[in-house]
Amino acid sequence: MPELPEVETFVRSLKYGGMTGNSIINRQIASADLFWNRTLAGSDAAEGFLEWFPGKTVRDVARRGKFILISVPPKTLLIHLRMSGDLKVTEASDAEIGKHDRFRLTFTDGDRLVFSDPRKFGRIWLTASPEAVLGSLGIEPLDDGFTPEWLYDKLHASNRIIKSVLLDQRVIAGLGNIYSDEALFSAGIHPARAARSLSTEEVARLVQAIQTVLRDGIQYNGASIDWVYRGGSFQHHFKIYGRTGEPCLICGTKIEKTTISQRDTHFCPCCQPRMEKN
DNA sequence: CCTGAAACCTGTCTGC
DNA sequence: TGCAGACAGGTTTCAG
């Protein structure tokens, strides 16, 4: 499920309370449980992992790219939801261990923070130096530093096609398959264009499109598709993703689907020409 | 450096 | 109803 807007929705909910329950800030931890060992990344950290938590207190929740950062001084619990991860705060009365629960923290009041993940792709880290995990991440696309000038330089230093670059977390942190397709459509750029072929104007449109799509996604609490993530409604506002064969909302041309970087890629052949317009 | 394929996993949906 | 196969919002690793 999770791209930047969905992860941001989780973070806000855990921090301020919301769809996953009440805020976890300033809650003291009584115990921790791990139900699927491979969920814990960094096998060397496994020793004493669960025993570290009792008595510690959650002090902050933040986001970096698609990572959730839960500050439990003096360490940080990092969570990446990958494809099917889910986080929720459950009441003390809800003691059942879910079929897909992989990790949980039980607070002293009995409530729990539960990480469930049917496909087992999600990962958590407990570390005193989060930068060791997050260090290779690229720019935050909603930060001030994400400008057309910055992106133009990055794209023109690359030999890759544009969608591959957008999906690369080392360049921009937080974009995934849906929001990349939506942004490229909004900017009128074919996903298979060479990154270095984009003009100054096209890069400016792309920066604007990426930020608008992400902000819209956050505003709708992210997108919920199928059985995975619940609570968001941005899926009702997709203009290109998942609309293969349907008419483009701009020109009516049938939307096409191809594969780029092993991901389904949707585009309008009319609004997103393969070659630059003269 | 770049691309493509495979691997990690399970649940859901489609078609016969 | 059953079953095989395709497919899914992500990332890492390896071969070429």
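Note on naming: letters A, B, ... go to the chains in the order of the sequence lines (proteins, then strands), and numbering restarts at 1 for each one. What you are looking at is a predicted structure, and each value in this text was computed from that prediction instead of being measured.
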Could you run through nucleotides 9-15 of chain B and give me one letter per nucleotide, 5' to 3': B if any protein heavy atom sits under 4.0 Å from the base, S if only the sugar-phosphate is that close, - if neither? BBSS---
Distance, rounded to the nearest Å, where [X] contributes [atom1] and [N] contributes [atom2]:
{"X": "A/L155", "N": "B/dC1", "atom1": "CG", "atom2": "C1'", "answer": "16 Å"}
{"X": "A/D181", "N": "C/dG10", "atom1": "CG", "atom2": "C1'", "answer": "15 Å"}
{"X": "A/I225", "N": "C/dA8", "atom1": "CD1", "atom2": "P", "answer": "10 Å"}
{"X": "A/L167", "N": "C/dG10", "atom1": "CG", "atom2": "P", "answer": "7 Å"}
{"X": "A/K163", "N": "B/dT3", "atom1": "NZ", "atom2": "C1'", "answer": "15 Å"}
{"X": "A/K66", "N": "C/dT12", "atom1": "NZ", "atom2": "P", "answer": "10 Å"}
{"X": "A/M83", "N": "C/dA8", "atom1": "CE", "atom2": "P", "answer": "8 Å"}
{"X": "A/L175", "N": "C/dT11", "atom1": "CG", "atom2": "P", "answer": "10 Å"}

How do A/R170 and A/Q262 order along DNA chain B: which one's closest nucleotide is nearer the 5' end?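 Mapping each residue to its closest nucleotide by heavy atoms, the 5'-most match is A/R170.
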Distance, [atom1] atom - from [M] to [N], rounded to whole angstrom:
{"N": "C/dA4", "M": "B/dC9", "atom1": "P", "value": "22 Å"}
{"N": "C/dT1", "M": "B/dT10", "atom1": "P", "value": "26 Å"}
{"N": "C/dG9", "M": "B/dC13", "atom1": "P", "value": "15 Å"}
{"N": "C/dA6", "M": "B/dA6", "atom1": "P", "value": "13 Å"}
{"N": "B/dC1", "M": "C/dG10", "atom1": "C1'", "value": "22 Å"}

More than 12 non-hydrogen atoms from neighbouring residues, nucleotides or ligands closer than 6.0 Å to [atom1] on [X], yes or no?
{"X": "A/R59", "atom1": "CZ", "result": "yes"}
{"X": "A/K56", "atom1": "NZ", "result": "yes"}
{"X": "A/K154", "atom1": "NZ", "result": "no"}

Sole candidate of A/I29, A/I24, A/L105, A/D60 that passes side chain to side chain contact (heavy atoms under 4.5 Å, CB included) when paired with A/V72: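 Running side chain to side chain contact (heavy atoms under 4.5 Å, CB included) over A/I29, A/I24, A/L105, A/D60 with A/V72 returns exactly one hit, A/I29.
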Pairing annotation in dot-bracket form, given for DNA chain C with Watson-Crick or G-U pairs under 3.5 Å and | for cross-strand partners: .|||||||.|||||||
Pair A/S164, A/R160: side-chain N/O donor-acceptor within cut-off below 3.5 Å: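 Per modelled atom types, A/S164 and A/R160 side chains form no pair under 3.5 Å.
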Give the nucleotide from the list C/dC7, B/dC2, C/dG10 with an atom nearest to the side chain of A/D264.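 So the nucleotide nearest the side chain must be C/dC7.
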Counting side-chain heavy atoms from CB outward, which of C/dT11, B/dT3, C/dG10 is closest to A/R160?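 Looking only at side-chain atoms, A/R160 lies closest to B/dT3.
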Is the shortest distance from a Lys or Arg side-chain nitrogen in [X] or [Y] to a carboxylate oxygen in the other one below 4.0 Å?
{"X": "A/E6", "Y": "A/K66", "answer": "no"}
{"X": "A/D117", "Y": "A/R102", "answer": "no"}
{"X": "A/R205", "Y": "A/E201", "answer": "no"}

For A/Y179, report the nucleic acid contact type (base, sugar-phosphate, nothing); a contact means any heavy atom under 4.0 Å.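 Contact class for A/Y179: none.
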Scan A/Q169 against the nucleic acid and name what it touches under 4.0 Å (heavy atoms): base, sugar-phosphate only, or nothing.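 The answer is sugar-phosphate, as A/Q169 gets under 4.0 Å only of primed atoms, P, OP1 or OP2.
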Could you tell me how the ring of A/H237 sits relative to the ring of A/F234: parallel (under 30°), tilted (30 to 60°) or perpendicular (over 60°)?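 Because their plane-to-plane angle is under 30°, the rings of A/H237 and A/F234 count as parallel.
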I'd like to check A/Y16 versus A/S23 (side-chain heavy atoms, cut-off strictly below 4.5 Å). Are they in contact?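 When only atoms from C-beta onward are counted, A/S23 and A/Y16 do not touch, as no gap falls below 4.5 Å.
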Tell me whether the OP1 or OP2 atom of B/dC1 has a side-chain N or O from A/N159 closer than 4.0 Å.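 Checking A/N159 against B/dC1: no side-chain N or O falls below 4.0 Å of OP1 or OP2.
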